[in-house]
Amino acid sequence: MSKSVVVIGTRGYPSYYGGFETAVRRLAPFLADAGWDVNVYCRAGQTKDDDEARDPRIRTTRTVGLESKSLSTLSFGLSSVLHALWHKPQVALVMNVANGFFLPLLKLRGIPTVVNVDGIEWERAKWNRFAKFVFRLGARLTARYGTILISDSLEIQRRWKRDFGRKSVFIPYGANLASPSEVVPGLEPESYVLMVARFVPENTVSEFFQAAERLAQQHPVVIVGSSGYGGPLDEAAQRLGEHPNVQWLGHVSDDKKLLSLWHHAGAYFHGHSVGGTNPALVQAMACGAPVVARQTPYNAEVLRADEHLVAPDPLAIESALRRMLTDHDLRAKARAANRARAATHYDWEDVCRRYELTLQEAVLGEKAAKIGSEVRQ
């Protein structure tokens, strides 16, 4: 029997922008292996169509929208949904609650939806009051019209049950358990501090930069990331990168390079505060990176190492990273524990299997509802 799914709300396939895109790069081929016809909606200029790892079985459809910080998700989401309404797949996998505004249209068309609700977007400092209102309203509509919701952490699952009265399926992100690669030229193994993050306030970027200024006096510092739109944090990173002991690499889309940076880091700082299970954190753990993370319920749930959680304070961050860098036994213990936890709880094969089961459940639920309606008539 033919099975069809569209993916709405990411930048496309294959794309290396963020967590949603990473998940789609793993999930789409898995679904194709299982007999699904997969179509991923894409934004122009956001995919690597010549990627050697691209699976030719995955169909892609380029949609239109406004490429801006505040309107891109809504505009590209709308054009993707309009296309899906016309072609009517069996199920839609929707990423991001901002697309909750369009779920009633999919429901009216008889297309069941599986929605990854992501983090608590309306609590992110980068959004103004209107944007926060839009995300909150989108979340309410998602709670009302989404067929099945997916939470990527138990804490997010709890928040949705408390705030919106909706149950959700817990499916975290996975991690690539690849073997260590060669160290990036110019760096020495276990000698440097690493941060990988989008440059937004809730990722504790400014506080890390202040800590990095002092750490760079004795230790190399490597910074991966940008805002994507320029601004004060990018300018601060550029100034910091002028220090001879600091490298700002910007956005890195080379998976091998990124994995190498995590594998060989002497200490890795994870400052994300608003999301659920963060894909960068689980990937860093799978690489055996010695992690120091901001104290949040989400990071505590994933890392399960309270001794390596710190307040969002430059001095506290500096102290914890310096301790990790200079204590060999502490670093070795953290590496082993992080690898073991990632292998046990964040395996991509298991994650993809659970996504497929959830998509099948949504399709069967829609069929059952249709049959019940016909019987009642």
Side-chain angles (χ1 to χ4, degrees), residues 1-43 46-49 51-63 76-77 80-81 83-96 99 102-103 106 109-118 142 146-152 168-178 255 277 279 282-283 345-368:
M1 182 180 116
S2 175
K3 299 178 289 186
S4 60
V5 57
V6 294
V7 181
I8 297 170
T10 75
R11 290 173 181 258
Y13 172 86
S15 177
Y16 292 78
Y17 181 76
F20 283 156
E21 289 73 22
T22 300
V24 169
R25 279 191 286 119
R26 300 304 297 252
L27 179 60
F30 181 94
L31 292 175
D33 285 342
W36 289 80
D37 174 68
V38 184
N39 184 14
V40 182
Y41 290 109
C42 304
R43 302 184 191 181
Q46 300 294 317
T47 59
K48 294 181 67 174
D49 297 331
D51 193 331
E52 291 181 358
R54 189 189 193 284
D55 191 319
R57 298 172 299 174
I58 310 306
R59 294 192 297 117
T60 57
T61 299
R62 186 168 294 176
T63 56
F76 281 102
S80 300
V81 166
H83 186 275
L85 294 176
W86 179 259
H87 292 273
K88 198 177 183 185
Q90 286 184 309
V91 61
L93 176 60
V94 181
M95 307 296 212
N96 198 317
N99 292 304
F102 315 124
L103 295 182
L106 293 168
R109 184 73 167 111
I111 303 172
T113 52
V114 173
V115 187
N116 183 319
V117 300
D118 198 22
T142 297
T147 307
I148 299 178
L149 308 187
I150 290 177
S151 295
D152 65 32
S168 58
V169 178
F170 166 56
I171 308 178
Y173 285 101
N176 177 10
L177 302 174
D255 269 5
T277 296
V282 296
Q283 186 58 71
H345 296 279
Y346 302 104
D347 175 68
W348 268 123
E349 188 76 14
D350 180 56
V351 167
C352 292
R353 179 182 57 80
R354 289 155 71 178
Y355 262 95
E356 194 207 357
L357 289 172
T358 305
L359 291 169
Q360 289 178 339
E361 183 182 345
V363 171
L364 292 173
E366 179 65 26
K367 286 182 178 178

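Remember, predicted model here, so these are calculated numbers, not experimental data.
- For the pair Thr22/Trp348, a side-chain contact is recorded, criterion being any heavy-atom separation below 4.5 Å from C-beta on.
- Note that OG1 of Thr10 is 11.5 Å distant from OH of Tyr41, once rounded to the nearest 0.5 Å.
- Taking CG from Leu359 and OG from Ser4, the interatomic distance works out to 10.5 Å, rounded to the nearest 0.5 Å.
- Between the side chains of Tyr355 and Asn116, at least one donor N or O sits under 3.5 Å from an acceptor N or O.
- A distance-only check finds a donor-acceptor pair linking the side chain of Tyr13 to the backbone of Asp55 [under 3.5 Å].
- Applying the salt bridge (charged side-chain N to carboxylate O under 4.0 Å, His left out) test to residues at least two apart or on different chains, the pairs with a partner in residues 7-18 are Arg11-Glu67.
- Between Phe170 atom CZ and Ile150 atom CD1 the span is 11.5 Å, to the nearest 0.5 Å.
- Using a 4.5 Å heavy-atom threshold, the side chains of Pro172 and Arg354 count as touching.
- Between Ile58 and Ala32, the closest heavy-atom pair is CD1-CB, 4.0 Å.
- The side-chain contact (heavy atoms from CB on, under 4.5 Å) with Pro89 is formed by just one residue from the set Asn39, Val38, Ile111, Val5; it is Ile111.
- The backbone N or O of Tyr16 sits nowhere less than 3.5 Å from a side-chain atom of Glu21 that would complete a donor-acceptor pair.
- When all heavy atoms are compared, the tightest approach of Pro279 to Gly19 is CG-CA, 3.4 Å.
- Summarising the geometry, atom CZ belonging to Arg25 is positioned 9.5 Å from atom CG belonging to Asn176; distances are rounded to the nearest 0.5 Å.
- Among all heavy-atom pairs drawn from Ile8 and Ala92, the shortest one is CD1-CB, 4.3 Å.
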Item checked: Residues His345, Thr277; criterion side chain to side chain contact (heavy atoms under 4.5 Å, CB included); working and verdict -> CA-CA 11 Å; His345 296 279; Thr277 296; over 6 Å; no
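- When each of Thr61, Thr47, Thr63 is tested with Cys42 by the rule side-chain contact (heavy atoms from CB on, under 4.5 Å), just one qualifies, namely Thr47.
- Rounded to the nearest 0.5 Å, atoms OG1 (Thr142) and CG (Asp118) are 11.0 Å apart.
- In terms of heavy-atom proximity, Arg26 sits nearest to Cys352 at O-SG, 3.7 Å.
- Across all their heavy atoms, Asn99 and Gly77 have their closest contact at OD1-CA, 3.3 Å.
- In this structure, Lys3 contributes its side chain and Gln360 its backbone to no donor-acceptor pair below 3.5 Å.
- The aromatic rings of Tyr173 and Phe20 are tilted relative to each other, their planes meeting at an angle between 30° and 60°.
- In this structure the side chain of Arg109 never reaches within 4.5 angstrom of the side chain of Trp86, judged on heavy atoms.
- Atoms CZ and CD1, on Arg353 and Ile171 in that order, are 9.5 Å from each other to the nearest 0.5 Å.
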Next item on the list: Let me see the working for Phe30 and Glu349 under side chain to side chain contact (heavy atoms under 4.5 Å, CB included), right down to the final yes or no.
Entry: CA-CA 8 Å; Phe30 181 94; Glu349 188 76 14; 3.5 Å; yes
Item checked: Candidate pair Arg54 and Lys48, rule side chain to side chain contact (heavy atoms under 4.5 Å, CB included), full reasoning -> CA-CA 8 Å; Arg54 189 189 193 284; Lys48 294 181 67 174; over 6 Å; no
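- Considering only heavy atoms from C-beta on, Thr113 stays 4.5 Å or farther from Phe102 through its side chain.
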Next item on the list: Kindly indicate, with the supporting measurements, whether the criterion side chain to side chain contact (heavy atoms under 4.5 Å, CB included) is fulfilled by Thr147 and Glu361.
Entry: CA-CA 10 Å; Thr147 307; Glu361 183 182 345; over 6 Å; no
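- Of all heavy-atom pairs between Val117 and Ser151, the closest is CG2-OG, 4.1 Å.
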